[in-house]
Amino acid sequence: MIAFSFRQLEYFIAAAEHGSISAAARARHVSQPSVSLAIAQLEQTLGEPLFRRQVSRGLALTPTGHRLLGRARDILALAAGIADEGPVAGLSGQLSLSCFQDLGPYYVPRLLAGFRARHPDVSVTLFEADLATVQRSLNAGKAELALTYDLGFDARTTRWALAELRPYALLPPAHPLAAQPQVSLSQLAQENLILEDIAQTREYFLSLFWAHDLHPQRHQYTQSFEMQRGLVAHGYGVALSCTRPAGDHSYDGLPIACRPLQEAVTPQRVVLASSPAMRPSPVAQAFVQWLTEQGHGTPVQPSFSASAR
């Protein structure tokens with residue numbers, strides 16, 4: 001006799017992905033007690049805890065929880081595949097996708113809309129976060145796939161390149177540097193440099209200066225890309241970015257001057273990465289297959305079949 005239900009596994013996966021009982025309940029449109037009971041029943045069946053309850057930090061998977069997460073996704077994907085073997089076969093299931101918050105809006109809406117047109121019965125749980133959080137979620141298996149910059153991954157992580165973006169300078173239109181066709185890092189180092197105060201993002205842009213033995217002394221930190229652009233547009237300082245909206249304007253409509261850098265700077269690669277913590281689900285595999293069929297992804301690491309875990 002099977003001692004657990006698909007619903008229990010579904011609620012467990014939701015709690016693992018969202019990091020809290022309340023967020024999992026909202027995502028699945030059920031009550032918090034329903035999610036709590038399902039997890040408690042699974043823990044009773046297995047005889048081990050699946051989560052560590054951390055005060056003010058939510059849920060963290062135990063080693064047993066990590067092992068179950070991959071298997072639970074496999075079980076639900078297999079069950080969905082059996083249900084789909086009918087006169088009108090189609091892919092269904094859940095895809096967990098994490099993306100870097102500054103980068104996601106340029107790629108994710110187009111990709112998800114295209115994938116839904118191919119597989120309308122697939123549901124997507126989408127997480128937006130900073131670079132470090134995206135990578136932690138991927139490594140822990142909380143997200144199956146991540147769209148982010150190719151920073152900090154090890155050889156276990158399978159990746160597909162989507163684009164390469166070169167850093168550029170953002171300047172107030174009336175700034176003297178805006179009259180130049182290019183600007184140098186040494187010139188920008190003398191200005192009030194506006195940086196997003198986000199792990200890895202902050203260090204990456206400062207490293208461009210450090211590589212040329214430059215050390216900007218005046219910094220203004222912000223928590224968002226759009227605040228950064230707004231401060232530049234209003235003449236508060238200058239900035240660097242890799243992503244560039246279609247219109248070079250701030251939220252309140254002021255223009256921003258964008259200029260390439262004089263220095264030869266290695267571009268940032270945009271990638272789709274798969275979690276090294278578990279075998280990819282059929283839905284994740286279908287997403288990657290669709291992506292490559294559309295000509296959007298070039299393998300950076302071996303394919304799923306060569307790196308199955």
Side-chain angles (χ1 to χ4, degrees), residues 13 16-17 61 63 65-78 80-81 91 93-104 106-112 114-116 118-119 122-165 199-201 204 242-243 266-309:
I13 292 171
E17 290 177 345
L61 286 166
H66 275 293
R67 291 192 295 271
L68 179 61
L69 182 57
R71 293 170 182 171
R73 285 192 175 123
D74 286 346
I75 290 169
L76 293 184
L78 178 60
L91 183 70
Q94 186 82 23
L95 174 66
S96 176
L97 174 67
S98 181
C99 68
F100 174 40
Q101 59 199 24
D102 288 356
L103 195 60
Y106 297 89
Y107 297 92
V108 172
R110 170 170 49 88
L111 295 179
L112 290 190
F115 186 63
R116 169 164 283 186
R118 172 75 65 86
H119 299 292
V122 169
S123 299
V124 178
T125 301
L126 179 62
F127 303 96
E128 301 171 66
D130 59 62
L131 285 169
T133 302
V134 167
Q135 192 168 81
R136 283 197 300 270
S137 296
L138 194 72
N139 289 338
K142 291 185 176 182
E144 288 191 87
L145 298 173
L147 193 147
T148 184
Y149 285 122
D150 194 9
L151 290 172
F153 291 112
D154 60 29
R156 299 179 306 144
T157 307
T158 305
R159 308 188 296 284
W160 296 264
L162 304 183
E164 288 190 342
L165 304 178
Q200 292 190 4
T201 300
Y204 166 71
C242 291
T243 53
T266 302
Q268 273 292 357
R269 186 160 51 191
V270 180
V271 298
L272 181 75
S274 72
S275 174
M278 63 188 62
R279 181 174 63 252
S281 70
V283 175
Q285 293 184 60
F287 185 83
V288 172
Q289 180 181 353
W290 172 83
L291 189 78
T292 54
E293 287 175 358
Q294 303 303 307
H296 295 314
T298 302
V300 177
Q301 292 290 328
S303 65
F304 277 142
S305 60
S307 61
R309 292 162 289 277

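Keep in mind that what you see is a predicted model, and the values were worked out from it rather than measured. Quick note: numbers below take in every heavy atom, side chains included, and nothing from hydrogens, waters or symmetry partners.
A 4.5 Å side-chain heavy-atom check between Leu61 and Leu68 finds every atom pair outside the cut-off. At a threshold of 4.5 Å between non-hydrogen side-chain atoms, the residues Leu111 and Leu291 count as touching. Between Val124 and Phe287, every side-chain heavy-atom pair lies at or beyond the 4.5 Å cut-off. Pro267 is not listed as a side-chain neighbour of Leu165, based on a closest heavy-atom distance of 4.5 Å or more.
A distance of 6.5 Å separates CG in Leu112 from CG in Leu126, rounded to the nearest 0.5 Å. The distance from the CG atom of Leu272 to the SG atom of Cys99 is 11.0 Å, given to the nearest 0.5 Å. The CD atom of Gln285 lies 10.0 Å from the OG atom of Ser274; values are rounded to the nearest 0.5 Å.
With sequence neighbours left out, the side chain to side chain contact (heavy atoms under 4.5 Å, CB included) criterion links Tyr106 to Phe225, Thr243, Pro245. In this view, Ala273 and Leu138, Phe153, Thr157, Arg159 satisfy the side chain to side chain contact (heavy atoms under 4.5 Å, CB included) rule, not counting sequence neighbours. Judged as a side chain to side chain donor-acceptor pair (under 3.5 Å), and not counting sequence neighbours, the contacts of Arg118 are Glu293. Gln94 is linked by a side chain to side chain contact (heavy atoms under 4.5 Å, CB included) to Arg28, Ser123, Thr125, counting only residues two or more places apart in sequence or in another chain. Annotation: salt bridge (charged side-chain N to carboxylate O under 4.0 Å, His left out) contacts of Glu17 (sequence neighbours excluded): Arg73. Residues that satisfy the side chain to side chain contact (heavy atoms under 4.5 Å, CB included) test with Pro109, not counting sequence neighbours, are absent from this structure. Arg136 pairs by the side chain to side chain donor-acceptor pair (under 3.5 Å) definition with Thr133, not counting sequence neighbours. Contacts of Arg67 classified as salt bridge (charged side-chain N to carboxylate O under 4.0 Å, His left out), with partners at least two apart in sequence or in another chain: none. Tyr204 is linked by a ring pair (Phe, Tyr, Trp, His ring centres under 6.0 Å) to nothing, counting only residues two or more places apart in sequence or in another chain.
Panel note: side chain Gln135, backbone Leu151; a donor-acceptor pair is recorded below 3.5 Å.
For residues 138-149, the side chain to side chain donor-acceptor pair (under 3.5 Å) pairs, not counting sequence neighbours, are Glu144-Ser281.
Within 6.0 Å of CZ on Arg116 lie no more than 12 heavy atoms contributed by other residues, nucleotides or ligands.
Tested against Leu103, the residues Val108, Leu147, Val134 include a single side-chain contact (heavy atoms from CB on, under 4.5 Å) partner, Leu147.
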